[in-house]
Every structure is written in structure tokens, then in C-alpha cells.
Amino acid sequence: FGITLDPRLPAGQEIFRRLASTVDVVVEDWPPGHMEALDLGYEDLRALHSGLVMASITPFGRQGPYKDYKAHGLNVSHISGQGYMLPLPSPHLERAPVKSGGNCTDYDSGQTTAVAILAALYARRSTGKGQFVEVSQQEAVLSLQRVENVVFANGGEVLMRKRPEVDRTITNMFRCSDGFVICVTPLDHQKRALARLADDDGSAAQRSGEDTPERAYERLVAWMQQHTTAEACAKAQSLSCPMSPMSAPDEVAGSKQLNERGFFAEVEQAVVGTVKMPARPCHFSKTPIELDRPAPVLGEHNDLIYRDRLGYGTDELRELRESGVV
């Protein structure tokens with residue numbers, strides 16, 4: 001549901017408290033201290049509802065020298081180390097690092113928060129008490145690079161920002177005749193399978209004592225460019241080398257696999273009409289997920305929440321609108 005509310009006004013604060021006293025979870029992403037200044041912090045709200053779980057998402061957390069810094073997704077991506085390692089791996093080290101596509105930094109932080117909230121709700125089943133969940137976007141994104149961070153912290157090696165070589169690379173991206181493929185080979189037998197890919201007879205890439213990993217890699221690059229993504233993936237998988245095509249957005253939307261499983265659903269949106277949306281990444285045998293509505297437009301459910309849930313009358317609701325509270 002989507003409503004509008006100005007909690008800076010006393011009447012808005014009162015409505016917020018009424019809503020908070022009836023829900024399980026409150027999530028906010030204001031700067032540290034903002035909700036407390038409105039008397040809507042966790043200590044204020046849990047006095048109304050001891051079982052409330054409240055989550056705060058900020059760029060750098062609520063403690064430390066960066067706690068009052070503001071940041072966009074681009075800032076968080078690079079200060080977490082994520083941006084430096086992309087693209088992974090980099091075939092051109094002289095090029096500047098990039099950030100991940102779209103709004104992944106915000107989505108990753110939101111996913112981390114969602115899991116933490118579920119853990120807090122699970123704990124409430126035993127204790128009957130809610131709790132405060134504090135999430136730093138920097139730390140949430142940083143935690144996704146835990147392997148790279150541990151390697152660097154203990155050995156000083158940056159795994160991703162280096163030229164990919166057949167004998168030691170973990171992640172490879174190759175250009176084929178009709179697109180790109182991605183190959184992840186953390187295990188030795190997978191690296192050997194990748195090295196064999198460009199050999200017509202299936203022998204190892206090191207054909208002689210003079211062959212080098214660099215030459216083997218160049219041969220592999222040339223072989224990829226002469227084959228389609230489907231051909232490259234078929235041969236790689238036959239050698240137990242994990243490889244898949246890199247799909248463009250239109251290819252994902254038109255995927256027979258995803259559409260057969262009902263991953264996408266068409267729903268009616270108040271402004272643009274019928275839209276196709278991702279519906280369910282998980283399937284539950286007892287409680288199936290059904291997507292029956294998209295994200296709401298601003299204030300779409302004001303009447304539903306304020307009139308039907310909180311009991312405000314028509315005249316009261318009109319006064320709240322006229323005074324700018326909702």
C-alpha cells in the first residue's frame with residue numbers, strides 16, 4: 001500500500017504513532033537522529049508496541065566518523081570496494097573502475113535488511129520482544145565481497161582487477177560471434193576444462209613446452225569469436241566447465257524458461273496500465289505467491305488506510321488533506 005503523510009506536523013506524528021502501533025515492522029532510511037528528533041525513534045515507538053521490529057538503513061551506519069555523511073548508490077558502490085573490482089575481471093587495467101548496473105547497491109542493502117528483519121521476527125517468536133535493526137549500506141555491500149576482502153586482507157592480492165589468464169583466473173567473460181558468455185572456474189578441474197575448450201581434439205591447451213598461459217588464453221579468445229554463445233556453452237558444459245550466455249534484457253523478458261515457470265506476471269498499474277513484472281523467485285508448495293498488484297503510486301491508498309483502517313471520517317480526512325498532513 002502507498003500513502004502520503006508529513007510526520008513533521010504534530011497531527012502527522014500522531015497518525016504515524018497510530019500506524020506503528022498496529023504493524024510488525026517499521027523501516028526508515030533517514031539520517032541518524034532524524035526520527036528521534038520527531039519523537040518517532042525506536043525507543044518512542046516501542047513504548048507503544050513492545051513487539052515492534054524497527055530497521056534503520058543509512059549509508060554508513062549510525063556510529064563512526066562517517067555517520068552523518070550522505071551518499072548515493074555510486075558513492076556506496078566505490079567506498080565498499082565493489083566498484084574497484086568491476087568489471088570482473090578487467091581485460092584493460094588502464095580503464096577506470098565502474099559500478100554495477102542499475103540500482104544494485106540499494107537493492108543489496110534492502111535485501112540484507114529484509115533478512116535481518118526476518119531474523120528479528122523469528123527471535124520475537126521466542127521472546128515476545130521486538131528489536132532495533134541497524135544497517136549500513138557500505139557494510140551490506142562490502143559483505144558481498146567477503147572472499148575478495150579476505151584474500152586481500154591476508155595476502156595482499158586483488159583478485160578481480162587483473163588480466164584474465166587461463167591458468168589462474170576465476171571469472172572470465174568472452175565475446176562470441178553473437179554475444180558474450182560468462183565462465184566461473186574456481187576449481188582446478190574447471191580451469192583445465194576451460195583450457196581444453198579451444199582444442200578441436202580435446203587435448204590440453206599446453207600443446208608443447210613452449211606454450212604459455214598467455215598464448216593459450218589468446219587461442220581461447222580467438223576460438224570464442226568464431227562460435228556462437230550456444231556453441232561455446234554446449235562444448236564447455238560437455239567438458240564440465242560452467243559457462244552460460246550473458247543475456248540482454250529483452251532476452252531475459254522473452255526467456256522460455258522463465259515464462260514457463262511463471263516468473264513474470266502482468267498486473268494493472270494505475271498510471272501506465274498493464275505492466276509485466278518479476279513475480280516470484282521462490283515457489284512454495286503450501287502458500288503459493290501470487291502477484292496481484294504492482295508498487296502503488298503516491299498516495300494511492302490514502303482512503304483505504306486512513307478511513308478503513310484508522311477510522312477517520314470523510315470530514316476529518318478532508319481537513320488532514322487541507323492542512324497538508326496527508
Side-chain angles (χ1 to χ4, degrees), residues 1-9 12 15-16 19-20 22-30 55 57-59 70-77 82 86 98-115 117-118 135 137 140-141 179-180 244-284 287-310 312 314 317-326:
F1 299 104
I3 63 173
T4 53
L5 179 67
D6 189 347
R8 295 172 299 179
L9 302 175
I15 292 174
F16 192 97
L19 287 170
T22 67
V23 300
D24 294 309
V25 179
V26 171
V27 181
E28 60 94 3
D29 63 352
W30 288 101
I57 308 174
T58 57
K70 295 178 173 61
H72 294 288
L74 178 65
N75 309 115
V76 173
S77 178
Q82 179 193 68
L86 297 175
V98 299
K99 70 177 285 291
S100 57
N103 300 309
C104 287
T105 301
D106 295 318
Y107 298 153
D108 291 339
S109 303
Q111 185 178 51
T112 298
T113 305
V115 173
I117 289 171
L118 290 174
V135 177
Q137 288 185 293
V141 178
F180 292 85
S244 65
M246 299 184 69
S247 300
D250 60 329
E251 294 173 317
V252 174
S255 167
K256 293 181 179 179
Q257 171 69 19
L258 294 175
N259 283 284
E260 174 69 22
R261 287 178 53 80
F263 180 74
F264 295 106
E266 290 188 349
V267 295
E268 289 297 320
Q269 207 270 350
V271 176
V272 300
T274 302
V275 292
K276 188 175 184 179
M277 299 180 59
R280 51 181 182 182
C282 307
H283 293 248
F284 296 86
T287 54
I289 299 173
E290 296 294 337
L291 181 66
D292 58 359
R293 60 178 182 267
V297 297
L298 192 65
E300 181 178 345
H301 300 106
N302 276 4
D303 285 355
L304 177 65
I305 297 299
Y306 293 133
R307 180 179 287 117
D308 299 347
R309 183 165 182 172
L310 297 185
Y312 284 98
T314 301
L317 193 54
R318 184 177 62 252
E319 292 176 2
L320 289 172
R321 288 196 180 101
E322 291 174 352
S323 61
V325 176
V326 301

pair P245-F180: side-chain heavy atoms closer than 4.5 Å = no
With sequence neighbours excluded, what pairs up with A265 under the side chain to side chain contact (heavy atoms under 4.5 Å, CB included) test?
-> A279, L291
Of all the heavy-atom pairs spanning L9 and S323, show the shortest one and how long it is.
-> CD1-O, 3.9 Å
Nearest-0.5 Å distance, CG of residue L310 to CG of residue L304 | 10.0 Å
Is R321 salt-bridged to D303, cutoff N-O under 4.0 Å?
-> yes
Are any side-chain N or O atoms of E260 and backbone N or O atoms of Q257, one a donor and one an acceptor, separated by less than 3.5 Å?
-> no
How far apart are the C-alpha atoms of D6 and V326, what are their side-chain angles, what is the distance that settles it, and do they pass the side-chain contact (heavy atoms from CB on, under 4.5 Å) test?
-> CA-CA 6 Å; D6 189 347; V326 301; over 6 Å; no
Partner set under side chain to side chain donor-acceptor pair (under 3.5 Å) for R293, not counting sequence neighbours = none
Taking the side chain as every heavy atom from C-beta outward, state whether Y312 and R307 have any pair of such atoms under 4.5 Å apart.
-> no
Side chain to side chain contact (heavy atoms under 4.5 Å, CB included) filter on S247, not counting sequence neighbours, yields E251, V252
Start with the C-alpha gap between T58 and V135, add the side-chain angles, then the distance that decides, and say whether side-chain contact (heavy atoms from CB on, under 4.5 Å) holds.
-> CA-CA 7 Å; T58 57; V135 177; over 6 Å; no
Do any N or O atoms from the side chain of K276 and from the backbone of V267 form a donor-acceptor pair under 3.5 angstrom?
-> no
Side chain to side chain donor-acceptor pair (under 3.5 Å) filter on T287, not counting sequence neighbours, yields none
List the atom of P296, the atom of F1, and the distance in Å for their closest heavy-atom pair.
-> CG-C, 3.6 Å
Tell me, do T22 and R309 make a side-chain contact under 4.5 Å, heavy atoms counted?
-> yes
Heavy-atom side-chain proximity of I3 to L19 below 4.5 angstrom | yes
For A295 and Q269 the tightest heavy-atom approach is O-NE2, 4.2 Å
Spacing of F264 atom CZ and S255 atom OG [to the nearest 0.5 Å] = 7.5 Å
Mind checking whether D24 and I117 have side chains closer than 4.5 Å, heavy atoms only?
-> no
Rounded to the nearest 0.5 Å, how far does CD of E266 lie from OG1 of T274?
-> 6.5 Å
N/O donor to acceptor pairs below 3.5 angstrom from side-chain atoms of residues 70-77, sequence neighbours left out:
from : atom 1 : to  : atom 2 : distance (Å)
N75  : OD1    : H72 : N      : 2.7
S77  : OG     : Q82 : OE1    : 2.8

Would you say the side chain of L5 lies within less than 4.5 Å of the side chain of Y306, judging by non-hydrogen atoms?
-> yes
Mind running side-chain contact (heavy atoms from CB on, under 4.5 Å) on F16 and V26 for me, showing each step along the way?
-> CA-CA 10 Å; F16 192 97; V26 171; 4.2 Å; yes
Please determine, by modelled atom types, if N302 and T4 share a side-chain donor-acceptor pair under 3.5 angstrom.
-> yes
With the side chain counted from C-beta on, respond yes when H283 and R261 share a heavy-atom pair under 4.5 Å apart, and no when they do not.
-> yes
Between G262 and R280, the two heavy atoms sitting closest are O-NE, 3.6 Å
Donor-acceptor pairs are to be reported for all side-chain atoms of residues 103-112 against protein atoms at under 3.5 Å, with residues two or more places apart or in another chain.
from : atom 1 : to   : atom 2 : distance (Å)
D106 : OD1    : Q137 : NE2    : 3.2
S109 : OG     : T105 : O      : 3.0
T112 : OG1    : D108 : O      : 3.0

